[in-house]
Visitor: 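Take this structure, written in structure tokens, and hold onto it; I'll ask about it next.
Below, all heavy atoms of this structure are taken into account, side chains as well, without hydrogens, waters or symmetry copies. Since the model is a prediction, treat every value here as computed from it, not as a measurement.
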Amino acid sequence: MEKVAFIINPFSAKKNYQPFLNELKKKVENPLYYISESIQGTDDFIEKYFNETDIFVAIGGDGTISTVARKLINTTKILAIFPAGSGNGFSNETQFSKNLDELLTKIKSKKSRKIDTFTVNERLSINVSGTGFDGKVVKEFEKTDRGFKNYIKVSLKTFFNYKPIKVKFVDEAYQQYNGRYLMLNIANTRQFGNNAYIAPNASKSDGLVDMVLVKKFPLTYSALFAYRMFTKKLKDDDYVTYLPVSEIEFSVNTKNWHLDGEFNKIKSPIHVKVLPASLTILI
């Protein structure tokens, strides 16, 4: 295990990472690990042990995974995951479970594959990023103790008060989609997390992301929207539009974004670009 490094976000898993660490120490002799104090601290740790490490394991949610992945893009280093977040969208989509024995078996076999990532104004995203309604939800959600129930509460409260965003595309081919939307998402994988499938046909290895445009819908449609999202049946209709793209530019009248579930302020114009086969993950 001398070629594996474990990076733990102490604020994930309801701030209770100690059981994982205890189990790790029982099953791995003298594991190399870091309890992250900050993004900069994580960057420094990866840089320090980069040359001697083959596999970096992120213990946390999508934001933690994205932070680790940022330093591994376009290298031969392998990303592995022990999910410990609120939604665990990316780990669900890459078949990582909360089973340390299973993870250690995967590490031993060291099988890997390359997947796509993408950038939003040069900021990395590995899973799903967006603006509009869900960008606002993430901003408010970060003020809570997290958890799925709080996410639903914040979502409902935000929905009734939220004014649609204005989106304007640069490329003439997409200008027919200019307009007002409840939310705009860029999906590299199928789900936000918690098995909420915003882009059921998205692929991590096709060189494309699915841009998902959702118009504000009436309350009578909300149950159908939720049903379709949790059963992988969302599709183009009067309120939902899918645009598979490898690169796209547009402006939007809000700076509130979430990148892999982490709140960010990003100014327009927005440039989204896919980075094909840029990240190596354990399988």
Visitor: Where do Val209 and Val245 land on the side chain to side chain contact (heavy atoms under 4.5 Å, CB included) test, with the steps shown first?
Guide: CA-CA 6 Å; Val209 288; Val245 297; 3.8 Å; yes
Visitor: Are more than 12 heavy atoms from other residues, nucleotides or ligands located less than 6.0 Å from atom CD of Glu37?
Guide: no
Visitor: Do Lys25 and Tyr33 meet the criterion of a side-chain donor-acceptor pair at a distance under 3.5 Å?
Guide: yes
Visitor: Less than 4.5 Å apart, side chain to side chain, heavy atoms only: is that true for Phe56 and Leu72?
Guide: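 The answer is yes, as the side chains (C-beta and beyond) meet within the 4.5 Å cut-off.
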Visitor: Is Met211 reachable from Val170 through a run of I, L, V, M, F, W or Y residues, each pair having side-chain heavy atoms under 4.5 Å apart?
Guide: no
Visitor: In the structure I gave you, are the side-chain heavy atoms of Asp237 and Phe225 within less than 4.5 Å of one another anywhere?
Guide: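 They are not in side-chain contact.
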Visitor: Mind listing the closest non-hydrogen atom pair of Gly61 and Asn88 along with its distance?
Guide: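 Nearest heavy atoms, Gly61 then Asn88: CA-OD1, 4.2 Å.
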Visitor: Could you go through Leu104 and Lys27, starting from their C-alpha distance and side-chain angles, then the distance that decides it, and tell me whether this counts as side chain to side chain contact (heavy atoms under 4.5 Å, CB included)?
Guide: CA-CA 9 Å; Leu104 295 177; Lys27 295 178 176 178; 3.9 Å; yes
Visitor: For a quick test of reading the model, state the closest non-hydrogen atom pair linking Arg180 to Pro164 and the distance between them.
Guide: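 That would be CB-CB, 4.0 Å.
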Visitor: How long is the gap from CG on Leu259 to OG on Ser125, to the nearest 0.5 Å?
Guide: 6.0 Å
Visitor: Run the side chain to side chain contact (heavy atoms under 4.5 Å, CB included) check on Ile55 and Lys110 step by step: do they pass?
Guide: CA-CA 8 Å; Ile55 301 171; Lys110 205 179 171 182; 4.1 Å; yes
Visitor: Any side-chain heavy atom of Leu182 sitting closer than 4.5 Å to one from Tyr162?
Guide: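 They are in contact (side-chain heavy atoms under 4.5 Å apart), so the answer is yes.
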Visitor: Going only through I, L, V, M, F, W and Y residues with side-chain contacts under 4.5 Å, is there a path from Tyr17 to Ile39?
Guide: no
Visitor: Please tell me whether Leu213 and Leu224 are part of a single hydrophobic cluster in this structure, the criterion being side-chain heavy atoms less than 4.5 Å apart.
Guide: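 Leu213 clusters together with Leu224.
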Visitor: Does Arg190 come within less than 4.0 Å of Asp210, counting only side-chain N to carboxylate O?
Guide: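 So Arg190 does not pair with Asp210 through a salt bridge.
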Visitor: Residues in side-chain hydrogen bond (donor to acceptor under 3.5 Å, both in side chains) with Lys71, at least two apart?
Guide: Glu47
Visitor: Within the 4.5 Å heavy-atom criterion, are Asn127 and Asp260 side-chain neighbours or not?
Guide: yes
Visitor: Here's one to test your reading of the geometry: is the NZ or CZ of Lys232 within 45 degrees of the ring axis of Tyr197 and under 6.0 Å from its centre?
Guide: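 Pair Lys232/Tyr197 counts as cation-pi.
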Visitor: Just verifying a value: how many Å separate Leu184 CG and Thr254 OG1, rounded to the nearest 0.5 Å?
Guide: 11.0 Å
Visitor: Shortest non-hydrogen contact from Asn195 to Phe230?
Guide: O-CD2, 3.4 Å
Visitor: Is a side-chain donor or acceptor of Ser66 paired with a backbone partner of Asp62 at a separation under 3.5 angstrom?
Guide: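 No; judged by distance alone, with no hydrogens or angles, the pair does not exist.
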Visitor: Given 3.5 Å as the limit, does a donor-acceptor pair link the side chain of Ser203 with the main chain of Ser205, or not?
Guide: yes
Visitor: Honestly curious: do Tyr174 and Leu208 fall in one hydrophobic cluster under the side-chain, below-4.5 Å linking rule?
Guide: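 Different clusters: Tyr174 never reaches Leu208 through Ile, Leu, Val, Met, Phe, Trp or Tyr contacts under 4.5 Å.
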Visitor: Is it true that a side-chain atom of Asn201 and a backbone atom of Ala199 form a donor plus acceptor pair closer than 3.5 Å?
Guide: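 Side chain of Asn201 to backbone of Ala199: no pair is present.
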Visitor: Tyr34 and Phe6: ring-ring contact (aromatic ring centres under 6.0 Å, His included), yes or no, with the steps?
Guide: CA-CA 6 Å; Tyr34 170 64; Phe6 297 84; over 10 Å; no
Visitor: At what distance, to the nearest 0.5 angstrom, does OG1 of Thr94 lie from CZ of Arg113?
Guide: 8.0 Å
Visitor: Under 3.5 Å, side-chain donor or acceptor atoms of residues 266-283 against the rest of the protein: list the pairs with distances, not counting sequence neighbours.
Guide:
| from | atom 1 | to | atom 2 | distance (Å) |
| --- | --- | --- | --- | --- |
| Ser268 | OG | Val252 | N | 2.9 |
| Ser268 | OG | Val252 | O | 3.0 |
| His271 | NE2 | Glu247 | OE2 | 2.6 |
| Ser278 | OG | Thr117 | N | 3.4 |
| Ser278 | OG | Thr117 | OG1 | 2.7 |
| Ser278 | OG | Leu275 | O | 2.8 |
| Thr280 | OG1 | Lys114 | NZ | 3.1 |

Visitor: Is the closest side-chain heavy-atom distance between Asn178 and Phe250 below 4.5 Å?
Guide: no
Visitor: Tell me the closest heavy-atom pair linking Ile198 and Tyr242, and the distance in Å.
Guide: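 Scanning both residues, the minimum pair turns out to be O-OH, 2.7 Å.
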Visitor: Distance only, no hydrogens: is a donor on one side chain within 3.5 Å (strictly under) of an acceptor on the other, for Gln40 and Asp44?
Guide: yes
Visitor: In Å and rounded to the nearest 0.5 Å, what is the NZ to OG1 distance from Lys235 to Thr241?
Guide: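 Rounded to the nearest 0.5 Å, the NZ-OG1 separation comes out at 13.5 Å.
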Visitor: Any donor-acceptor pair under 3.5 Å linking the side chain of Lys204 with the backbone of Asn188?
Guide: no
Visitor: Test side chain to side chain contact (heavy atoms under 4.5 Å, CB included) on Lys48 and Ile46; report intermediate values, then the result.
Guide: CA-CA 5 Å; Lys48 181 178 179 180; Ile46 293 173; over 6 Å; no
Visitor: Taking the side chain as everything from C-beta on, heavy atoms only, tell me whether Lys265 gets closer than 4.5 Å to Trp257.
Guide: no
Visitor: Looking only at atom types and distance, does a side-chain atom of Thr231 sit under 3.5 Å from a main-chain N or O of Tyr227, one as donor and one as acceptor?
Guide: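 Side chain of Thr231 to backbone of Tyr227: a pair is present.
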Visitor: Can a donor-acceptor pair be found, under 3.5 Å and without considering hydrogens, that links the side chain of Ser222 to the backbone of Leu219?
Guide: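 Checked: pair present.
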Visitor: Quiz question: by atom type and distance under 3.5 Å, do the side chains of Thr42 and Ser36 form a donor-acceptor pair?
Guide: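 Present: a donor and an acceptor within the cut-off.
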Visitor: Between CZ of Phe169 and CD of Glu249, what distance do you get to the nearest 0.5 Å?
Guide: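 Rounded to the nearest 0.5 Å, the CZ-CD separation comes out at 11.5 Å.
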Visitor: With heavy-atom distances below 4.5 Å as the criterion, would you say the side chains of Thr53 and Leu32 are in contact?
Guide: yes
Visitor: Ile65 and Gly60: which non-hydrogen atoms are nearest, and at how many Å?
Guide: CD1-O, 4.3 Å
Visitor: Taking a hydrophobic cluster as the set of Ile, Leu, Val, Met, Phe, Trp and Tyr residues connected by side-chain heavy atoms closer than 4.5 Å, whether directly or through intermediates, do Ile35 and Val28 fall within one such cluster?
Guide: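 Yes, one cluster joins them.
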Visitor: Using atom types as modelled and distance alone, determine if a side-chain donor or acceptor of Thr131 lies under 3.5 Å from a backbone N or O of Asn256.
Guide: yes
Visitor: Would you say the side chain of Phe20 lies within less than 4.5 Å of the side chain of Lys98, judging by non-hydrogen atoms?
Guide: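 Result no, sub-4.5 Å side-chain heavy-atom pair not found.
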Visitor: For Asn185 and Ala187, indicate whether the former's side chain and the latter's backbone hold a donor-acceptor pair under 3.5 Å.
Guide: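 Answer holds: no.
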Visitor: Closest approach of Ile81 and Ser91, non-hydrogen atoms and distance?
Guide: CG2-CB, 3.7 Å
Visitor: In sequence, state the C-alpha distance, the side-chain angles, and the governing distance for Phe82 and Phe96, and then conclude on ring-ring contact (aromatic ring centres under 6.0 Å, His included).
Guide: CA-CA 7 Å; Phe82 187 89; Phe96 285 97; 9.7 Å; no
Visitor: Nearest 0.5 Å, please: how far is CG in Leu24 from CD in Glu29?
Guide: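 Nearest 0.5 Å value for the CD-CG distance: 12.0 Å.
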